[in-house]
Amino acid sequence: MKRTHHCAQLTKSDLNATVSLAGWVDSVRDHGGIIFIDLRDREGVTQVKFDTNLRAEAAQLKSESVIGITGQVVLRPDAMMNKGLPSGEIEIDATGLEVFNISETPPFPLTDAGGDKVNEDLRLTYRYLDLRRPKMQKNLRVRHRAAKSVRDYFDAQGFIEVETPALFKSTPEGAREYLVPSRIHPGEFYALSQSPQQFKQILMVAGVEKYFQVARCFRDEDLRADRQMEFTQIDVEASFIDREGIYALFEGMLKKVWKDVLNHDLPTPFPRLPYDDAMNRYGVDKPDTRFALELVDLSDTFKASAFKVFASTVAAGGCVKAFNAKGLADITQGELGALEDIAKSLGAKGLAFIKVEGGEWRSPIVKFFSEAEKAALTARLDIAEGDIVFFAAATWDRACAILGRTRLEAAQLLVKRGKMTIRADQWNFLWVVDFPLMSYDEERKSYVATHHPFTAPVAEDAALLDSNPKAVRGQHYDAVLNGMELGGGSIRIHQPALQKKIFEEVLKIPADVVESRFGYMLKAFTFGAPPHGGMAFGLDRMVALLCGTTSIRDVIAFPKTQKAQDLMAQSPTPVTAKQLKELHIQTVIPPQ
RNA sequence: GGGGUGGUAGCUCAGUUGGUUAGAGCGUCUGCCUGUCACGCAGAAGGUCGCGAGUUCGAGUCUCGUCCAUCCCGCCA
């Protein structure tokens with residue numbers, strides 16, 4: 001029996017044709033004298049009818065069994081047409097049945113709706129069943145379609161895909177790495193590449209000019225909904241390009257991907273938002289701009305306030321910020337408590353608020369406010385009946401973090417009440433630009449690169465490198481979509497002297513360490529490094545948003561759990577003493 | 001490393017103030033049924049209440065510990 005068609009391919013136009021289908025039994029409806037089976041393959045579902053001779057054999061079938069059938073395409077009786085299915089006007093009158101495998105009863109329902117509710121550990125243990133669900137099949141295809149679209153785009157733009165090593169050397173400045181012991185060099189280690197960053201810059205020195213790679217990257221950091229230990233990035237680097245060139249390049253890529261995958265026309269160019277504005281208005285460097293609830297700085301209003309908590313914060317160089325969660329005055333005690341807990345976990349002492357109910361301001365702090373302060377609040381925050389305003393008084397970055405997070409939580413509460421909608425298919429892309437090149441690390445008592453040490457400073461700020469490193473902006477940019485950071489990149493430093501100065505004088509990395517870690521790169525740059533820049537763009541995150549989810553586990557075929565385990569294959573595992581010996585490794589297991 | 005949520009039948013969940021034999025829907029199994037498409041009807045089986053300790057006359061319920069999943073903070077140059 002050879003398959004002639006896919007399920008869902010057959011329609012009224014195939015009437016009377018003799019066809020063979022193969023796939024999985026989606027459901028069995030046994031009416032005694034007649035049995036209907038929905039046969040499912042990766043393209044869809046078709047109803048197969050068994051009566052007379054094959055009835056007994058068909059009655060033995062269970063859900064998820066794999067069968068092949070032969071039969072004639074026939075029209076269903078008028079009243080029995082299923083308008084909900086593409087193949088709903090016809091059915092296959094089976095004349096042949098081949099059973100390839102009877103299935104055990106699956107441990108959870110393989111429907112979209114049923115499977116979505118199932119505990120994720122069970123789905124991951126039986127990932128091959130989870131992936132059979134139409135939604136997961138669709139996600140795999142969207143990922144394939146998006147990756148192909150990306151490859152076609154960069155090819156058309158003159159980029160060539162170059163593979164760089166997964167086994168690199170350890171670069172402890174960055175993310176924690178997966179170390180790989182060397183058998184041939186006792187006591188020495190490779191590290192799995194956390195990014196092709198250094199190789200792609202070397203490729204620019206090598207004269208490749210336009211490089212890209214759909215690259216697997218590895219980072220030994222804690223996992224999250226949008227972070228796996230191994231993930232895929234669209235890695236790009238080009239010579240003789242500036243920031244505007246990169247923006248246009250990636251806007252073109254995203255326009256094509258959205259068209260190819262969703263048939264949606266993305267408007268370009270994307271808005272640009274300076275880092276300071278992003279922080280001041282949204283409290284994060286990856287704002288979700290699908291809704292407002294923007295932060296307002298009230299430091300001026302409260303610098304001489306009778307409310308000492310606010311006044312003293314401003315006097316100490318901090319700021320007072322607030323935002324109006326319009327319409328959320330009906331927040332419950334429990335929800336308010338949860339918001340407070342979040343604020344406290346971000347360093348707030350509490351979460352001050354003003355509710356407006358029945359024309360009155362209800363608040364533990366409003367008694368301290370003067371009439372002038374109240375008037376200023378009303379005007380600047382557009383306060384009206386049913387609103388609740390949240391405040392944070394702290395250092396600038398802390399106040400931003402507290403309210404940035406509270407803003408997102410408040411938005412969820414408003415969505416839950418039906419007072420606001422955040423559409424998953426509204427695509428608010430933006431470029432966040434003008435990041436500070438350096439930030440001061442209080443623990444290490446030194447400057448650290450905000451992104452990475454290869455980022456070039458903005459030309460007109462370069463003179464400040466010695467006098468005021470914090471004020472130097474980097475030629476860095478982040479691509480943000482609906483509150484998720486999709487990618488980041490920069491124009492790089494291509495002058496070896498400047499790169500050396502950043503390493504040694506600004507970041508205070510000892511010269512011998514610079515030499516052992518980056519010596520080869522600095523040396524390469526002395527042989528004619530072109531000006532260059534690029535971007536690392538998260539494929540998993542992009543595909544997740546294309547699929548309408550925020551968890552990249554839904555778009556990775558075999559993801560790990562938050563404890564970094566593969567529940568299906570059951571990794572990691574201990575290894576034999578022989579293996580360890582060969583690798584010159586001894587393990588020390590901490591006591592339980 | 002820290003905080004939140006959850007873990008009760010194969011799945012999803014309910015389980016009141018600590019009190020008799022722990023329930024529902026779906027699924028599974030058996031029987032009936034020739035037009036269903038979430039088929040229907042009748043019946044049945046199915047439980048280490050995550051695990052361990054404690055309090056109590058008595059624990060699914062309270063306390064402590066622990067494991068797992070998930071969300072977040074730290075972390076992710």
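Order of the sequence lines sets the chain letters (A, B, ...), proteins ahead of strands, with each chain counted from 1.
Atom name C1', nucleotides B:A9 and B:G46: the rounded distance is 6 Å, in whole Å. Rounded to a whole angstrom, the distance from the C1' atom of B:U20 to that of B:G10 is 29 Å. One P atom belongs to B:G43, the other to B:C26, and the distance between them is 14 Å to the nearest Å. Taking the C1' atoms as reference points, B:C62 lies 12 Å from B:U17, given to the whole Å. A gap of 39 Å separates the C1' atoms of B:G4 and B:A45, to the nearest Å. Annotation: B:G23 and B:U5 have their P atoms spaced 29 Å apart (nearest Å). Across the P atoms, B:U61 and B:G50 are found 8 Å apart, a figure rounded to whole Å. Of the P atoms belonging to B:C11 and B:C49, the separation is 15 Å, rounded to the nearest Å.
Shown here for A:Ile90 and A:Arg76, the closest heavy-atom pair between the two residues is O-NE, 2.9 Å. Among all heavy-atom pairs drawn from A:Ala536 and A:Asp235, the shortest one is CB-OD1, 3.9 Å.
For A:Met568 and B:A69, the CE to C1' distance is 18 Å, given to the nearest whole Å. Per the geometry, NE2 belonging to A:His31 stands 13 Å off P belonging to B:C33, to the nearest Å. If you measure from atom CG of A:Asp130 to atom P of B:C11, you get 14 Å, rounded to the nearest angstrom. Computed from coordinates, the A:Met229 CE to B:C75 P distance equals 21 Å when rounded to whole Å. Rounded to whole angstrom, the span from the CG atom of A:Asp222 across to the P atom of B:C72 amounts to 12 Å. In this structure, A:Asp51 places its CG atom 19 Å from P of B:C39, rounding to the nearest Å. Whole-Å rounding puts the A:Leu339 CG to B:G4 P distance at 16 Å. Following rounding to the nearest Å, A:Leu486 (CG) and B:C76 (C1') show an atom-to-atom distance of 16 Å.
Lacking a ring centre under 5.5 Å from that of the base six-membered ring together with a plane angle below 30°, A:Phe108 does not count as stacked on B:C11.
In this structure, the ring of A:Tyr440 has its center less than 6.0 angstrom from the ring center of A:Tyr447. Ring to ring, A:His31 and A:Phe36 are close: their centroids are under 6.0 angstrom apart. The ring of A:Phe199 has its center closer than 6.0 angstrom to the ring center of A:Phe168. A distance below 6.0 Å separates the ring centres of A:Phe503 and A:Phe518.
Note on A:Asn119: only backbone sugar-phosphate atoms sit closer than 4.0 angstrom, heavy atoms only; bases stay farther off. Backbone-only contact: A:Leu122 has heavy atoms under 4.0 Å from sugar-phosphate atoms and none from a base. Nucleic acid contact for A:Arg123: none, since no nucleic acid atom lies under 4.0 Å from a heavy atom of the residue. At a threshold of 4.0 angstrom between heavy atoms, the contacts of A:Arg405 are confined to the sugar-phosphate backbone, with no base atom among them. Here A:Asp30 lies in heavy-atom contact (under 4.0 Å) with a base. Counting non-hydrogen atoms under 4.0 angstrom, A:Asn82 reaches a base of the nucleic acid. A:Gln228 comes within 4.0 angstrom of no nucleic acid atom, judged by non-hydrogen atoms across all strands. Across all strands, A:Val118 comes closer than 4.0 Å only to sugar-phosphate atoms, never to a base (heavy-atom distances). Among the protein residues, A:Pro107 comes within range of the sugar-phosphate backbone only, with heavy atoms under 4.0 Å from sugar or phosphate atoms but none that close to a base. Within the nucleic acid shown, A:Arg224 comes within 4.0 Å of at least one base atom, counting heavy atoms only. Across all strands, A:Glu120 comes closer than 4.0 Å only to sugar-phosphate atoms, never to a base (heavy-atom distances).
Taking side-chain N and O atoms only, A:Lys62 has a distance below 4.0 Å to OP1 or OP2 of B:C29. Checking the phosphate oxygens (OP1, OP2) of B:A69, a side-chain nitrogen or oxygen of A:Gln565 falls inside 4.0 Å. For B:C39, one of the phosphate oxygens OP1 or OP2 lies less than 4.0 angstrom from a side-chain nitrogen or oxygen of A:Arg29. A close approach under 4.0 Å does occur between a side-chain nitrogen or oxygen of A:Thr561 and OP1 or OP2 of B:A69.
Side-chain atoms of A:Leu346 lie closest to B:C73 of the nucleotides B:G35, B:C73, B:A69. If you check B:G35, B:C68, B:U12 against the side chain of A:Asp121, the one that comes closest is B:C68. Comparing atom distances between the A:Ala225 side chain and each of B:U70, B:C71, B:U28 picks out B:C71 as nearest. Among the nucleotides B:C37, B:C11, B:G74, the one closest to any side-chain atom of A:Pro109 is B:C11. For A:Arg227, whose side chain is taken as the heavy atoms from C-beta onward, the closest listed nucleotide among B:U36, B:C76, B:A69 is B:C76.
Nucleotide B:A42 forms a pair with B:U30, judged by Watson-Crick or G-U wobble geometry with both contacts under 3.5 Å. Pair assignment for B:A24: B:U12, on the basis of Watson-Crick or G-U wobble contacts that are both within less than 3.5 Å. When both pairing distances are held under 3.5 Å, B:G54 makes a Watson-Crick or G-U pair with B:C62. Pairing partner, B:U5: B:A69, with both Watson-Crick or wobble hydrogen-bond distances short of 3.5 Å.
A donor and an acceptor atom sit less than 3.5 Å apart, one in the side chain of A:Glu91 and one in the base of B:G35.
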Task: side-chain contact (heavy atoms from CB on, under 4.5 Å) between A:Gln233 and A:Cys217, worked out - done: CA-CA 7 Å; A:Gln233 77 187 26; A:Cys217 303; 3.5 Å; yes

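Ring geometry for A:His452 against A:Phe454 counts as tilted: the plane angle lies between 30° and 60°, on a 0 to 90° scale.
Nearest-nucleotide positions on RNA chain B place A:Lys49 closer to the 5' end than the other of A:Lys49 and A:Asp226. In this structure, A:Gln197 and A:Arg76 both approach RNA chain B, and ranking their closest nucleotides by distance from the 5' end singles out A:Arg76.
If you run salt bridge (charged side-chain N to carboxylate O under 4.0 Å, His left out) between A:Lys135 and each of A:Asp554, A:Asp116, A:Asp112, A:Asp130, only A:Asp116 comes through.
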